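See below for the structure under consideration.
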Protein chains: 2
Amino acid sequence: MLDELDRTIIEILIDDARISLKELSQKVGLSSPSVSERLRRLEEKKVIRSFTVDIDPVALGYSLTAIVRVRPLPGMLHIVERLIKETPEITECDKVTGDDCFIGKLQFRTMEQLDTILDRLAEKAETNTSIVKSSPVKRRLPPLS
Amino acid sequence: MLDELDRTIIEILIDDARISLKELSQKVGLSSPSVSERLRRLEEKKVIRSFTVDIDPVALGYSLTAIVRVRPLPGMLHIVERLIKETPEITECDKVTGDDCFIGKLQFRTMEQLDTILDRLAEKAETNTSIVKSSPVKRRLPPLS
DNA sequence: ATCCATGCTTGACGAACTTGACCGAACGAT
DNA sequence: ATCGTTCGGTCAAGTTCGTCAAGCATGGAT
């Protein structure tokens, strides 16, 4: 589905999505219209979901992160799911197998803010919260091969 | 620290990091050298960590995701941390407070592959694995304000 | 009141992007 | 085997874009 050139292009773009077509094409050894066309196809095939920017939450004042496991009380599943979606400080959340129904990541500024958010959840779910102390593995891609 | 214009710029870039300076400057109502300078400063201040590309793991063949909680056996903490870092299928991992020491996300292609990876961990840690069924909240930023 | 720093605009020039015409390799059908 | 089609590539043009230098307005400090 992806050839070696596509993978090289992607690896370069992960590092710098605003690189010029010209420079990118020189790095991969193709002409710029070719690379442009490959990019178009990669977007079309949804291999590239989007070009985006990685913002440091700390720079926005969110200096703390927690991981919250959420187990809705009986009958509360959909209400809890909506509440999670409507809590903007929850910056990602997965629905998973096992005792915990949801596992989410929460960005916050103060312990008081964390407390407020968890209190709102606690009316409808059992929660289990772990504060993030460090991130040994920063977001990365699995092997492209 | 960030004014309204910076936030607008960031919001636009989150959607499309490859937008031209010209178009971006029209959207925010400034000239392009001004926007260029603001971008430079946002990068300098590390508010913008990087311009990057969002790749669909499914397009790379990783159709399954799990969240793994890891509790190293006594004395194994550093070995386990190294093992996690050296497992490329673990695409992010945080060190947290609480009983679990690490919580990581794992991308994989087949259950067999998951089994192999967990077996390697099991020699040095207790693990607890949840398969991701869906993602009610896709990665997003907390409020910029 | 003046000076300076900051952040903006403008205009010009060089650089990069897009488009269309063309080429060649791979491959299926006749 | 050959023809025709498709796919992915190059090249060259016209157009658009980014960067740089110069200059102007605002606002705070002396």
Side-chain angles (χ1 to χ4, degrees), chain A residues 1-63 109 139 141-145, chain B residues 1-63 109 139 141-145:
Chain A
M1 186 158 184
L2 297 189
D3 65 11
E4 194 51 42
L5 287 172
D6 286 331
R7 282 192 287 269
T8 309
I9 289 173
I10 288 172
E11 275 166 4
I12 294 170
L13 287 174
I14 287 172
D15 269 359
D16 177 13
R18 274 185 81 81
I19 189 175
S20 71
L21 263 191
K22 187 183 184 204
E23 199 179 338
L24 178 55
S25 56
Q26 283 165 352
K27 288 192 184 200
V28 303
L30 287 179
S31 66
S32 57
S34 307
V35 175
S36 176
E37 176 62 15
R38 276 174 182 264
L39 285 187
R40 199 194 56 69
R41 280 195 305 255
L42 287 171
E43 282 192 81
E44 188 185 57
K45 287 190 290 188
K46 303 289 166 73
V47 175
I48 295 180
R49 286 214 208 94
S50 75
F51 296 93
T52 187
V53 77
D54 180 19
I55 301 295
D56 185 359
V58 173
L60 304 177
Y62 296 91
S63 49
R109 299 171 196 258
R139 239 173 105 69
L141 271 189
L144 296 192
S145 56
Chain B
M1 186 160 184
L2 297 190
D3 65 12
E4 192 52 42
L5 288 171
D6 286 332
R7 282 193 287 270
T8 309
I9 289 172
I10 288 172
E11 276 166 4
I12 294 170
L13 287 174
I14 287 172
D15 270 358
D16 177 13
R18 276 185 79 81
I19 189 175
S20 71
L21 259 193
K22 189 179 185 205
E23 199 180 338
L24 177 56
S25 55
Q26 284 165 352
K27 287 192 185 200
V28 302
L30 288 179
S31 66
S32 55
S34 305
V35 174
S36 177
E37 176 63 14
R38 276 172 182 266
L39 283 186
R40 199 194 55 72
R41 278 195 304 244
L42 286 171
E43 281 192 79
E44 188 186 57
K45 286 191 289 186
K46 304 290 167 72
V47 175
I48 296 180
R49 284 214 210 95
S50 75
F51 296 93
T52 187
V53 77
D54 180 19
I55 302 294
D56 184 359
V58 173
L60 304 177
Y62 296 91
S63 48
R109 299 170 196 259
R139 240 174 105 68
L141 271 189
L144 295 191
S145 54

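Keep in mind the model is a prediction, meaning the values are calculated, not measured. Order of the sequence lines sets the chain letters (A, B, ...), proteins ahead of strands, with each chain counted from 1.
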Could you tell me whether B/E4 and B/R7 have a side-chain N and a carboxylate O separated by less than 4.0 Å?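 B/R7 and B/E4: salt-bridged.
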Is the shortest distance from a Lys or Arg side-chain nitrogen in B/R40 or B/E37 to a carboxylate oxygen in the other one below 4.0 Å? yes
OP1 or OP2 of D/dC11 less than 4.0 angstrom from a side-chain nitrogen or oxygen of A/S31, does that happen here?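 For D/dC11, neither OP1 nor OP2 has a side-chain N or O of A/S31 closer than 4.0 Å.
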Under-4.0 Å side-chain N/O to phosphate OP1/OP2 contact, A/S36 with C/dT18: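 For C/dT18, OP1 or OP2 has a side-chain N or O of A/S36 closer than 4.0 Å.
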Does A/S34 or A/R18 map to a spot on DNA chain D nearer the 5' end, using the closest nucleotide for each?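 It is A/S34 whose nearest nucleotide is closer to the 5' end.
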Grab the [atom1]-[atom2] distance between [X] and [N] for me, whole Å please.
X	N	atom1	atom2	result
A/L24	C/dA15	CG	P	20 Å
A/I9	D/dG8	CD1	P	13 Å
B/L2	C/dG7	CG	P	13 Å
B/E23	D/dT15	CD	P	20 Å
A/L21	D/dT15	CG	C1'	15 Å
B/K22	C/dG11	NZ	C1'	14 Å

Touch class at under 4.0 angstrom, heavy-atom based, for B/R41 against every strand present: sugar-phosphate
So B/S20, base contact, sugar-phosphate only, or nothing? Heavy-atom distance under 4.0 Å.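 Sugar-phosphate: the residue B/S20, judged by heavy atoms under 4.0 Å, touches backbone atoms but no base.
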Any non-hydrogen side-chain atom of B/V58 less than 4.5 Å from a side-chain atom of A/R49? no
Is there a donor-acceptor pair closer than 3.5 Å between any side-chain N or O of B/R18 and the backbone N or O of A/I19? yes
Nucleotide nearest A/P33 when distance is taken to its side chain, options D/dG9, D/dT19, C/dT18: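 My answer, after comparing the listed nucleotides, is C/dT18.
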